[in-house]
Each structure stands twice: as C-alpha cells, then as structure tokens.
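Comments concern the structure below.
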Amino acid sequence: MTVALNSSRFVPVHRSSPAELDPWLLWPALGLLMLGLVMVYSSSIATAEGSKFTGYSSTYFLVRHGMFLLIGLVAGAVAFQIPLRFWQQAAPWLFVLGVVALGLVLVPHVGRAVNGAQRWIPLGPVNLQPSELMKLFAVLYAADYTTRKLADMDSFRRGFVPMAVVMTLVAALLLREPDFGAFVVIICIAMGILFLGGINVRLFGILFLVLLVAFVVLIWTSPYRRERLFGFMDPWQDAFGKGYQLSHALIAFGRGEWFGVGLGASVEKLFYLPEAHTDFLLAVIAEELGFIGVVAVVGLFALVVQRCFAIGRQALALDRLFGGLVAQGIGIWLGVQSFINMGVNMGLLPTKGLTLPLMSFGGSGILANCVALAILLRVDYENRSMMRGIRI
C-alpha cells in the first residue's frame with residue numbers, strides 16, 4: 001500500500017486497486033468472455049437437447065462453459081499475483097511440460113481421438129487439450145529465449161538454430177495429431193517474438209520464405225487439407241460435401257443482415273452448421289446479432305490486441321524486455337487466432353479447426369486465455385508500479 005497526499009489528509013491507495021489496471025484492456029476482455037458465455041448457450045441449445053451424450057439437457061454446454069470460465073477467472077486471479085520474474089524463470093520448464101503433454105496425446109490409450117484428430121487427454125469429466133496451453137507456453141518461452149539470446153539475434157547458429165530445433169519438435173507433434181491450426185498460431189508467435197526481439201532482417205526474410213514453402217508442401221501433400229482448400233475456393237460446387245461448413249456459415253451471415261434475426265433465433269444452429277458453439281460461433285453471432293454484432297466483436301478484439309502491443313511498448317521503454325515481449329506475444333497469439341477464425345467464418349480463409357479466443361466453448365482454451373490475460377495485466381501493473389517508483 002502507498003500513501004497519496006490529499007489537500008486535507010493522507011489517503012491510502014491500495015496497489016491492487018482496479019484503477020491501477022488498464023480499463024481499456026480489462027473491460028473489453030471481460031466483455032468478450034461474457035458475450036462468449038451468452039452466445040455459447042444460444043448456439044448450443046439444439047445440439048445439447050438432441051444428444052444422448054448431454055442427457056438431452058439444453059443447458060449442458062452453458063453449465064460446462066460457465067464452469068470453465070469460473071476456473072479460468074480464478075486461475076487468472078492467481079496468475080496475476082505472480083511476479084513476472086517467476087514466469088521468466090519457469091518459462092523453459094513450462095515449455096518442456098507442454099512438449100511432454102503433446103507427446104502424451106499421441107500415446108495409445110492415453111490420448112483421446114475425436115473426429116479423426118487425437119488432441120485431448122481425458123481427465124475424468126473434462127478433457128485437456130495440450131495444444132491450447134502450448135500457445136501460452138510458447139509465448140513465455142520465446143520471450144525468455146529472446147531475452148537471454150539478445151546479443152546473438154544476428155547469429156544464425158546461436159540465435160536462430162536453437163529456437164528452430166525446439167519449434168520443429170513442437171510442429172512435428174502437432175502435425176501428428178493433426179492440429180494444423182495450432183501449428184500455424186505457435187509458429188506465428190515464435191516468429192513474431194523473434195522479429196520483435198531484433199532477429200537479423202535478412203535471416204527473418206529467408207525464414208519466412210522457407211516457412212511459406214513448407215506450408216504449401218504440407219497442404220499439397222495432405223489430401224484432406226487439399227480438399228479443404230478447394231472447398232474454400234468454391235464452397236457451392238459441393239455444398240453438401242467439402243463446402244458444407246462454409247456454405248452454411250455464409251448463409252448465417254446472409255440471414256443476419258444489419259441487425260440480426262434476434263438472440264436465440266438462429267436457424268443455422270439447428271443441426272445445419274457443424275461446430276456452431278466452437279469453430280463457427282461467429283457465424284451464429286452474425287445471424288443473431290447481425291453486421292452490428294460482428295463489428296462489435298471485431299472492435300473488441302482489435303482493442304484488446306492494440307492494448308497488448310501498447311503495454312508491450314511501455315514495458316520495452318522501461319527496459320523490461322521479457323515483459324514487453326510477453327505482452328506483444330500475447331497480442332500476436334490473440335490477433336492471429338481471432339483473425340484466422342473470423343476469416344474462416346467469413347469465407348476469407350480455408351476451413352480450419354481454430355476456436356475464437358475468449359469466446360468459443362472449450363475448457364483448455366478458456367483457461368489458457370484467462371491466464372494469458374492475467375499475465376498481460378501483470379505486465380501492465382508492474383509497468384505502472386515502476387513508473388510510480390514502486391519496486392516489485
């Protein structure tokens with residue numbers, strides 16, 4: 001607690017008071033979480049009522065998502081209390097833990113397969129998706145690596161190769177699941193942080209071209225990825241086959257027009273649009289809340305990402321390199337993943353199994369997002385404390 005001078009008396013100011021946090025980050029993020037809870041319920045009612053797995057309960061996904069959200073907020077509150085220096089010390093160990101978890105997913109009778117993808121580890125009533133947590137661990141590890149190797153960022157052998165080796169290992173495990181979406185996001189996180197950390201520009205350009213060629217090869221050598229690409233280019237050519245998801249997402253956007261058909265009134269969520277409460281939540285938002293609702297969601301995400309980079313720049317200006325790179329790495333993560341999900345929903349990108357951060361149904365994703373936001377708020381809190389001359 002510090003003491004502020006008032007004209008007539010001393011007024012105690014608590015260091016943990018909300019005024020010391022960035023309201024332009026806190027409230028938009030909470031707004032997305034709460035809107036996500038409402039829309040997950042709206043988009044999942046029909047699926048929950050029509051499934052024996054859910055016990056035909058219309059509130060099945062609402063209750064579970066609410067539970068995940070509560071766990072995520074509690075975990076975030078705990079994470080906010082932890083100083084950044086601890087996160088930096090723990091970053092390599094958390095990354096190793098993430099790699100081990102990605103390996104366990106592929107072990108027979110340990111990992112769980114759903115719709116042909118083996119991405120989950122059953123933990124009693126819930127399933128852990130290590131790739132979601134790995135995104136957070138990748139941010140922390142890449143920021144710590146860049147901080148430690150700052151003097152070697154111009155060196156191919158000492159600066160780039162060690163990071164390339166560990167990221168190749170992560171990529172190989174993700175592609176074995178397969179989880180191409182998480183692979184793209186994690187590679188973007190690692191590359192973005194290396195670039196912001198000052199990696200040699202020519203080396204970065206060569207790396208970018210190599211990755212671009214690798215993406216093309218991965219898509220072209222995988223039949224199901226090729227089918228998704230062709231379905232994206234003309235979803236109406238096979239609207240009942242490879243273009244089914246995208247065509248129904250576009251119908252949902254078309255039905256919503258300017259102001260939507262009304263909350264709860266979506267038709268596409270009635271067993272037409274697959275994964276309406278996860279990958280295609282934005283399509284339901286577009287149908288029920290219209291163009292205005294979509295613009296509001298895009299605007300809230302843009303504000304959150306902008307605050308990530310603003311907080312990161314402030315930390316860098318205070319010579320807090322790790323905190324600055326973590327904040328901007330979280331911005332890259334949320335920005336890239338939300339952009340891909342929105343692009344898929346709108347037909348701007350090929351169909352990919354990535355959820356909408358902070359909003360879509362999924363315990364591992366919500367937990368990782370809430371902890372990431374808490375760490376981001378911690379960076380902001382330490383920035384503000386340092387500017388007031390308070391040592392953390």
Side-chain angles (χ1 to χ4, degrees), residues 18 21-44 62 65-66 68-70 72-73 76 80 132 135-136 139 185 188-189 249 252-253 256-260 262-264 266 276-314 327-346 348-349 354-362 365-380:
L21 301 178
D22 187 347
W24 293 102
L25 168 64
L26 182 62
W27 297 117
L30 288 175
L32 287 169
L33 288 170
M34 294 302 106
L35 179 60
L37 179 64
V38 172
M39 295 311 303
V40 163
Y41 178 46
S42 177
S43 61
S44 65
L62 171 66
H65 192 73
F68 295 148
L69 190 54
L70 180 61
L73 291 174
F80 176 77
E132 292 293 338
K135 295 168 188 174
L136 174 60
V139 169
V185 172
C188 287
I189 290 170
F253 271 86
E257 299 185 349
W258 286 98
F259 299 102
L263 184 63
S266 167
H277 57 299
T278 55
D279 300 351
F280 285 89
L281 186 68
L282 188 68
V284 178
I285 294 173
E287 187 177 3
E288 295 190 349
L289 305 182
F291 176 77
I292 300 302
V294 173
V295 169
V297 170
V298 173
L300 288 173
F301 271 109
L303 186 55
V304 169
V305 172
Q306 187 275 330
R307 295 314 302 159
C308 289
F309 281 91
I311 291 169
R313 286 195 302 271
Q314 183 65 67
Q328 294 183 346
I330 292 172
I332 293 171
W333 166 17
L334 297 179
V336 168
Q337 184 165 335
S338 59
F339 175 79
I340 293 175
N341 179 273
M342 293 174 184
V344 167
N345 276 255
M346 298 179 189
L348 302 175
L349 294 172
L354 271 179
T355 57
L356 188 60
L358 305 173
M359 297 188 72
S360 292
F361 177 81
I366 289 294
L367 175 62
N369 293 160
C370 287
V371 173
L373 287 173
I375 295 173
L376 180 62
L377 287 167
R378 181 71 194 191
V379 176
D380 180 53

Any chance you could measure Tyr41, atom OH, to Leu263, atom CG, to the nearest 0.5 Å? 10.5 Å

Would you list the pairs meeting salt bridge (Lys or Arg N to Asp or Glu O under 4.0 Å) in which at least one residue belongs to residues 29-38, sequence neighbours left out? none

Smallest separation among heavy atoms of Leu136 and Val371, with atom names: CD2-CG1, 3.7 Å

So which atom in Leu334 and which in Pro357 form the shortest heavy-atom distance, rounded to 0.1 Å? CD2-CB, 3.9 Å

Ile332 to Cys188 - nearest heavy-atom pair and separation: CG2-O, 3.8 Å

Within the structure provided, determine whether Ile285 and Ser42 are in side-chain contact (heavy-atom separation under 4.5 Å). no

Return the CD1 to CG distance between Ile366 and Leu73, rounded to the nearest 0.5 Å. 9.0 Å

Determine whether Leu376 and Ile311 make a side-chain contact, defined as any pair of heavy atoms from C-beta on separated by less than 4.5 Å. yes

Could you tell me whether the side chain of Trp333 reaches within less than 4.5 Å of the side chain of Asn369, counting heavy atoms only? yes

How many angstroms lie between atom CG of Leu26 and atom CG of Leu30, to the nearest 0.5 angstrom? 4.5 Å

Hey, does the side chain of Gln337 reach the backbone of Thr355 with a donor-acceptor pair shorter than 3.5 angstrom? yes

Is a donor on one side and an acceptor on the other found under 3.5 Å between the side chain of Asn341 and the backbone of Asp279? yes

Do you know the tightest heavy-atom contact between Pro23 and Pro28? O-CD, 3.5 Å

At what distance, to the nearest 0.5 angstrom, does CG of Leu354 lie from OG of Ser360? 9.5 Å

Which residues share a side-chain contact (heavy atoms from CB on, under 4.5 Å) with Ser266, sequence neighbours left out: Glu268, Lys269, Val284, Glu287, Glu288

Verify side chain to side chain contact (heavy atoms under 4.5 Å, CB included) between Phe80 and Leu21, making sure each step is shown before the conclusion. CA-CA 11 Å; Phe80 176 77; Leu21 301 178; 3.7 Å; yes

Sequence neighbours excluded and cut-off under 3.5 Å, please list the side-chain donor-acceptor pairs for residues 289-310, or say none.
unit_1, atom_1, unit_2, atom_2, d
Arg307, NE, Asp22, OD2, 2.7
Arg307, NH2, Asp22, OD2, 2.8

Supply the atom-to-atom distance Leu33 CG to Met359 CE, rounded to the nearest 0.5 angstrom. 9.0 Å

Give the C-alpha distance, both sets of side-chain angles, the deciding distance and a yes or no for side chain to side chain contact (heavy atoms under 4.5 Å, CB included) between Leu358 and Leu373. CA-CA 10 Å; Leu358 305 173; Leu373 287 173; 3.5 Å; yes

With side-chain contact (heavy atoms from CB on, under 4.5 Å) as the test, pick out the partner of Val344 among Leu356, Leu349, Leu282. Leu349

Are His277 and His65 packed together at the side-chain level, in the sense that at least one heavy-atom pair is separated by less than 4.5 angstrom? no

Working to the nearest 0.5 Å, report the span between CG of Leu37 and CG of Leu69. 6.0 Å

Just by modelled atom types, is the Met39 backbone N or O under 3.5 Å from a matching donor or acceptor in the Ser43 side chain? yes

